[in-house]
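Here the structure is laid out as structure tokens; the discussion comes afterwards.
Chain letters run A, B, ... following the sequence lines, proteins first and then strands; every chain starts at 1.
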Amino acid sequence: MASVKPSVPKGMRDFSPAEMVKRNYIFDTIKSVFRKYGYQQIETPTMENLGTLTGKYGEEGDKLIFKVLNSGDYLAKVNEQALTARNSNVVAPSISEKALRYDLTVPFARYVVQHQNEIAFPFKRFQVQPVWRADRPQKGRYREFYQCDADVVGSDSLLNEAEFILIYDEALSKLGLTDFNIKINNRKILSGIAEIIGKPELIVDMTVAIDKLDKIGLNGIVNELLAKGFTQADIDQLEPVILLQGSNTEKLEKLKAILASSAIGLKGITELETIFTYLQSFTLNKATVELDITLARGLNYYTGAIFEVKTNEVAMGSIGGGGRYDDLTGMFGLKGLTGAGISFGADRIYDVLEELNLFPAASNQTTRVLICPFDAAGETYALPLLQQLRNQSINAELYPAGAKIKKQLDYANNKNIPYVVVIGSDEVQSGQLTLKNMQSGEQQKLSADAIIAEITKA
RNA sequence: GUAGAUGUAGCUCAGUUGGUUAGAGCACUAGAUUGUGGUUCUAGGGGUCGUGGGUUCGAGCCCCAUCAUUUACCCCA
């Protein structure tokens, strides 16, 4: 076979041992917090039926779904005309019936409907798996990345929303972040605003535009809104809302006045007030909760609260987001089931922790003891000790006999192994083994039992 | 889909107005050190300069094409 230049697909990555240790540190931290709040883990398949995914993410989203070619002679069954017309949109469904999952929320909705009779509601689940998007990669954006989602379905209590804030706060504080904002908004308020202006049909354009405040500024928003069909009068009404200032309570008061004639807008305000009331009974670690009316988020299935988390310590897009969706399972035939959920962007959190140097130092140590035999006799002598170490839950390995001691110690240094046990003919004869501390360079002659005791106490 | 940047050793990158045999650091191998690493010193291996064409006496350098990577926009985590 001709040799192929080794490479991975665009936007996808290998993770080497040192990275995996750090990634698992993030995943484990987030998972432990999810569990603490009563969420249970599930997994869903890498692929879903194409029909499960299409139409859930909007027109743009559909284009970004990775489709999987059917097995076998997939072209044979394709409609002749569609094929000769070279129309991808027509041909695609007949040559691809599966696709890689695009997020974890839609597969979860599918799961809930499919397993509704086994599930006790409210059902709180978390899921940590990769998702795929046929996007153009750039900084902090990959074609394969992990989402860490926690969702609850079958409970309309706003306590869930309040707890999401606690989860964000606890997990991110635990990871060492000290300055981050949990932004919160409510889709109903945005609907109310669109209603007051009299352009409810343009709510999507409106939210997409005002979401860009910190990126393109007020002028940029105004230009975009004018292009989308808003009038100057609409914008005059919108401007005080976009530029809303003050504490969360002050903002809510001002909004109440603005939205006085919109029932749905007022409902959104009440919901936020309830969430804030819940939060008064809890203490947050490091998070700042901020009502941000410009927060829109792209996904159109949100109907109530919306969240987004941003760190203030480094320049990075959002590191988490979520919200409430009243009818996600409806598209799979199960009506009237409300849900709410959040997601952590693990890959971005990784970049943030890396930049702030927040990964624990010990996390690059895997093996604690390396046994270095000089020869085959030393190797044989070492085997019982190797097992004893492992029985004491000490990560231990034996360098196979035949290599020079220098090479073995190099190996220990490379893997950041703190202790080595050197076994040569002297040691085999006396039973006193050489324990070497690789940091300090000290070494002492000890019995096997004493070595285990020494390492256990360190 | 739109626009820019970059492709030179395993990795990170130098390489002057185009000029002889393309360099450095790190990594790797060996030795200094025949029972001891992380420091130091010495030596060594490793390159179709992304690919194809063109200009030129001569191209890593200039021109065209192509592929790849990457950044920004759109959208999104």
Side-chain angles (χ1 to χ4, degrees), chain A residues 3 5-13 16 57-65 101-105 128-149 204-205 207-209 211-212 215-216 220 224 227 296-300 307-311 316-323 341-352 370-375 377-378 399 401 403-430 433-445:
Chain A
S3 90
K5 192 179 173 189
S7 63
V8 295
K10 187 202 290 274
M12 304 191 179
R13 300 163 293 167
S16 296
Y57 308 105
E59 203 176 321
E60 284 294 318
D62 280 358
K63 283 189 213 155
L64 301 181
I65 295 171
R101 77 170 95 76
Y102 179 89
D103 70 356
L104 300 180
T105 310
V128 177
Q129 289 188 269
V131 303
W132 292 267
R133 296 188 186 176
D135 226 354
R136 230 172 249 203
Q138 44 182 284
K139 193 177 175 63
R141 253 172 100 171
Y142 308 100
R143 288 186 149 184
E144 177 181 52
F145 62 98
Y146 273 72
Q147 286 190 333
C148 312
D149 276 27
V204 173
D205 290 325
T207 53
V208 168
D211 193 38
K212 296 178 191 163
K215 232 181 200 174
I216 59 177
E224 184 160 332
R297 293 192 58 76
L299 297 174
N300 288 318
F307 304 104
E308 186 158 288
V309 186
K310 277 197 162 162
T311 168
M316 177 70 66
S318 72
I319 53 175
I342 53 170
S343 181
F344 285 85
D347 299 88
R348 286 188 176 174
I349 292 173
Y350 183 101
D351 291 343
V352 171
L370 177 71
I371 304 180
C372 303
F374 273 95
D375 48 30
Y399 201 104
K404 289 185 183 175
I405 276 298
K406 173 175 161 55
K407 188 162 170 82
Q408 300 190 35
L409 294 177
D410 274 337
Y411 177 83
N413 279 328
N414 251 321
K415 283 187 79 169
N416 216 352
I417 298 173
Y419 294 100
V420 300
V421 175
V422 180
I423 302 183
S425 53
D426 295 356
E427 284 83 355
V428 171
Q429 220 161 36
S430 66
L433 313 179
T434 304
L435 175 67
K436 185 180 179 77
N437 180 319
M438 293 299 281
Q439 269 110 54
S440 64
E442 292 170 46
Q443 50 186 61
Q444 44 186 329
K445 294 265 190 172

Problem set entry | Residue list, ring pair (Phe, Tyr, Trp, His ring centres under 6.0 Å) with A/Tyr411, at least two apart or on another chain | A/Tyr399
For this session: With C1' as the reference atom in both, quote the distance from B/A59 to B/A77 in angstrom, rounded to an integer.
Result: 46 Å
Exercise. Can you tell me how far C1' of B/A77 sits from CG of A/Leu64, to the nearest Å?
Worked result: 12 Å
Exercise. Which value, in whole Å, describes the distance between the P atoms of nucleotides B/G15 and B/U8?
Worked result: 14 Å
Exercise. NA contact type, A/Lys212, heavy-atom cut-off 4.0 Å: base, sugar-phosphate, or nothing?
Worked result: sugar-phosphate
Problem set entry | All salt bridge (charged side-chain N to carboxylate O under 4.0 Å, His left out) counterparts of A/Lys10, not counting sequence neighbours | none
Problem set entry | A/Arg348 side chain, from C-beta outward: closest of B/U69, B/C76, B/A72 | B/C76
For this session: In whole angstrom, give me the gap between the P atoms of B/G31 and B/U12.
Result: 30 Å
Problem set entry | Under the 3.5 Å Watson-Crick or G-U criterion, the dot-bracket string of RNA chain B, with | for inter-strand pairs | (((((((..((((.....[...)))).(((((.......))))).....(((((..]....))))))))))))....
Exercise. Under 4.0 angstrom, heavy atoms only, what part of the nucleic acid is A/Gly61 near: base, sugar-phosphate, or nothing?
Worked result: nothing
Problem set entry | Separation of the C1' atoms in B/C63 and B/C11, to the nearest angstrom | 32 Å
For this session: With sequence neighbours left out, write down each residue that passes salt bridge (charged side-chain N to carboxylate O under 4.0 Å, His left out) with A/Asp347, or none if nothing qualifies.
Result: A/Arg13, A/Arg23
For this session: Could you tell me whether a side-chain N or O of A/Gln408 sits under 3.5 Å from a main-chain N or O of A/Ala403, the two making a donor and an acceptor?
Result: yes
Problem set entry | Donor-acceptor pair present, A/Arg141 side chain and B/C75 base, under 3.5 Å | yes
Exercise. With sequence neighbours excluded, what pairs up with A/Lys404 under the salt bridge (charged side-chain N to carboxylate O under 4.0 Å, His left out) test?
Worked result: none
Exercise. To the nearest Å, how far apart are A/Asp135 CG and B/U70 C1'?
Worked result: 15 Å
Exercise. Rounding to a whole Å, what distance do you find between A/Lys404:NZ and B/A30:P?
Worked result: 6 Å
Exercise. Which residues pass the side chain to side chain donor-acceptor pair (under 3.5 Å) test with A/Gln138, sequence neighbours left out?
Worked result: none
Problem set entry | side chain to side chain donor-acceptor pair (under 3.5 Å) partners of A/Glu224, counting only residues at least two apart | A/Lys212
Exercise. Taking only residues two or more places apart in sequence or in another chain, which ones pass salt bridge (charged side-chain N to carboxylate O under 4.0 Å, His left out) with A/Glu144?
Worked result: none
Exercise. Between A/Gln138 (CD) and B/U71 (C1'), how many Å, whole number?
Worked result: 7 Å
Exercise. How close or far is atom P of B/C75 from atom CD of A/Glu308, stated in whole angstroms?
Worked result: 14 Å
For this session: On RNA chain B, check which nucleotide each of A/Val8 and A/Asp347 is closest to and give me the residue with the more 5' one.
Result: A/Val8
For this session: For A/Asn414 and B/C26, give me the distance from atom CG to atom P, rounded to whole Å.
Result: 15 Å
Seminar exercise, completed: Protein-proximity profile, nucleotides 34-42 of chain B, B/S/- by nucleotide at the 4.0 Å heavy-atom cutoff, equals -BBBB----
For this session: Report the distance from atom CZ of A/Arg143 to atom C1' of B/U69, rounded to the nearest whole Å.
Result: 12 Å
Exercise. What is the distance from CZ of A/Arg136 to C1' of B/U70, rounded to the nearest Å?
Worked result: 12 Å
For this session: Describe the nucleic acid contact of A/Val208 in one word from base, sugar-phosphate, nothing, applying a heavy-atom distance below 4.0 Å.
Result: sugar-phosphate
Problem set entry | Shortest non-hydrogen contact from A/Val420 toward A/Ala412 | CG1-CB, 3.7 Å
Exercise. Is the backbone N or O of A/Gly424 less than 3.5 Å from a side-chain atom of A/Glu427, with the two atoms forming a donor-acceptor pair by type?
Worked result: yes
Exercise. Which is true for A/Tyr411 with a 4.0 Å heavy-atom rule: it touches a base, it touches only sugar-phosphate, or it touches nothing?
Worked result: nothing
